[in-house]
Amino acid sequence: MAAGRLSFRNMTALAPMVRVGTLPMRLLALDYGADVVYCEELIDIKMAQCQRIVNDVLETVDFVAPDERVMFRTCEREKDRVIFQMGTADPERALKVAQLVEKDVAAIDVNMGCPKEYSTKGGMGAALLSDPDKIEDILKKLVKGVSVPVTCKIRILPSLEETVSLVQRIEKTGVTAVAVHGRFKDERPRHPVHCDYIQAVAQAVSIPVIANGGSLDLVKNNSDIEKFRKVTGASSVMLARAAMWNPSVFSSQGTLPVEKVMKEYIKYAIRYDNHAFNTKYCLCQMLRDKVESPLGRQVQAAQTNAEISEAYGLQKFYQEIQEQLQAKKDALHSSNQP
Ligand code: FNR
C-alpha cells in the first residue's frame, strides 16, 4: 500500500483493542502485513489533559498525562498507518483531542460500538448508536476540523433498515470509511457475526466499509481474511481477537508459531520501554490456554520487562537495548550541556 492519505480500500486492519493495541502490538502487526493499525480506545477527557512530548531517547512521540503516565506512544514507522481511536460523547472535546494528535497519526476514529460500561456510561461507545444527532455533530466537527481522514466504528442496530439508514447518515457527515462490527449491542463475542448486515451496509453506501467480527468462527488464518471480505462484500477487513492471539495472521506467508511471535513482541516491548504490566497482559492473551503452563506462570509472576525477557531467554537482547538507550541518553545529555 502506497503511503499518503489512506483510502481504506483493500486493506487489513488491526482492530482497536483496549490494552492490546499499544505500540509493540501495532508494530508487530505491521511487520506481519497489516495495512493499518488502530490504537486502543483512548478516552477524550484523559487525552485532553495530555501533553505531547518528543522522546529523543526512544525516538517516539508520547502523549503524557499529568500523573506522567504515557497514554499514547507512537513513532515514525507507523505514522502513515496508525489510526487513533477515541471514546467521546462531546464534539468540542473530540476536536480538541483530534487536533492534539493529528500531526502524528494517519486517521482519527470514533468508537461507537463498545458496549462496556466504562465506555457507555458517559454516553460514549455503543451509547452513541441511540443518539444519531450526537454522532452527526461529532463526526461533522471532526471532518471539518482536522486534515487527516475521519472514520468511525459501529455495531449493528436491531434491524437491517435501521443499520443501513444510520450508516447512510454517517456517510453524509463526510467520513472516509466506516467499520462495522456485525454484532448487536447486547451480543457477546461468542455469538456468530451477522455477515448479511455488513453486506447490506456495504451495498448501501459508497464509502469503504471495513468488515469486523469474523475472528473465532470465520477467520482462523490469513486466507480466511479474503473469504470474510467476500462474504460481507466489504472493502476491507479488521481483525481483533485473531490478531490478539497471533498477529502473524496478517502474514500471507502463513501463521508463525506463537512462541516465535511472542519473542518478537517482547523485543518491541523492550525497545519501546512498554509498561511491563501491559507486556504481560498481551503475552497472556497470546498464551491463551497455555497461560497456566510453566512459561505462563513465569510470565504471570514477572514484574518487569527484564524478568519477562528472562522467561523467554532474551536477557542478552534486553541488556544490549538497555545499553544502547543509556548511551543515547548520555549523548543527548552531553549535547544539551552549555
Ligand atoms: C475489543 N474491542 C474494542 N473495540 C473498539 O472499538 N475499541 C476498543 O478499544 C476495543 N477493545 C477491545 C479489547 C479486546 C481485548 C477485545 C477482544 C475487543 C472490540 C474489537 O475491536 C472487535 O470489534 C471485536 O473483538 C470483534 O472482532 P473480532 O474479535 O471478531 O475480530
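Counting begins at 1 with the first residue of the sequence. Because the structure is predicted, anything quoted here is derived from the model rather than measured. Atoms within each ligand, like the ligands themselves, are counted from 1 in listed order.
Distances shorter than 4.0 angstrom occur between a heavy atom of G213 and an atom of ligand 1. Using a non-hydrogen distance threshold of 4.0 Å, L216 does not register as a contact of ligand 1. Note on ligand 1: G113 sits outside its first shell, no heavy atom being nearer than 4.0 Å.
Nearest protein neighbour of atom 16 (C) of ligand 1, counting heavy atoms only, is M17 CG, 3.9 Å. R241 NE, 2.6 Å is the protein heavy atom nearest to atom 29 (O) of ligand 1. Among protein heavy atoms, the minimum distance from atom 15 (C) of ligand 1 is reached at M244 SD, 3.9 Å. Counting protein heavy atoms only, atom 27 (O) of ligand 1 is closest to N212 ND2, 3.0 Å. Scanning the protein heavy atoms around atom 25 (O) of ligand 1, the nearest turns out to be A240 CB, 3.4 Å.
A tilted orientation is assigned to the rings of F184 and H194, their planes being inclined by 30° to 60°.
The nearest non-hydrogen atom to atom 26 (C) of ligand 1, considering only Q85, H181, K153, comes from H181. Selection from A15, P16, A211, C282 by nearest heavy atom to atom 1 (C) of ligand 1 gives P16.
Note: the hydrophobic cluster containing Y312 also contains Y268 (ILVMFWY, side chain heavy atoms under 4.5 Å, direct or indirect links). Hydrophobic clustering of Ile, Leu, Val, Met, Phe, Trp and Tyr side chains at less than 4.5 Å, counting indirect connections, unites L23 with V261.
Of all the heavy atoms in T176 and P208, the pair that sits closest is O-CD, 3.2 Å.
With ligand atoms numbered from 1 in the order given, ligand 1 contributes 28 (P), 29 (O), 30 (O), 31 (O) to contacts under 4.0 Å with heavy atoms of S215. Per-residue contacts place N111 under 4.0 angstrom from the following atoms of ligand 1 (heavy atoms of the residue considered): 5 (C), 6 (O), 7 (N).
Here E41 has heavy atoms under 4.0 Å from ligand 1 in both its backbone and its side chain. If you look at V18 next to ligand 1, the close heavy atoms, those under 4.0 Å, come from the backbone and the side chain alike.
The side-chain heavy atoms of Q298 and E307, taken from C-beta on, include no pair separated by under 4.5 Å. Side-chain contact between T74 and E78: present, with at least one pair of heavy atoms (C-beta onward) separated by less than 4.5 Å. Residues T22 and Y272 have side chains not in contact (no heavy-atom distance under 4.5 Å, counting atoms from C-beta outward).
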Pair L58, L325 - check side chain to side chain contact (heavy atoms under 4.5 Å, CB included), show working. CA-CA 7 Å; L58 296 178; L325 294 176; 4.0 Å; yes

Which is it for T255 and N246 under the side-chain hydrogen bond (donor to acceptor under 3.5 Å, both in side chains) test, yes or no, and what are the steps along the way? CA-CA 8 Å; T255 310; N246 189 334; 5.7 Å; no

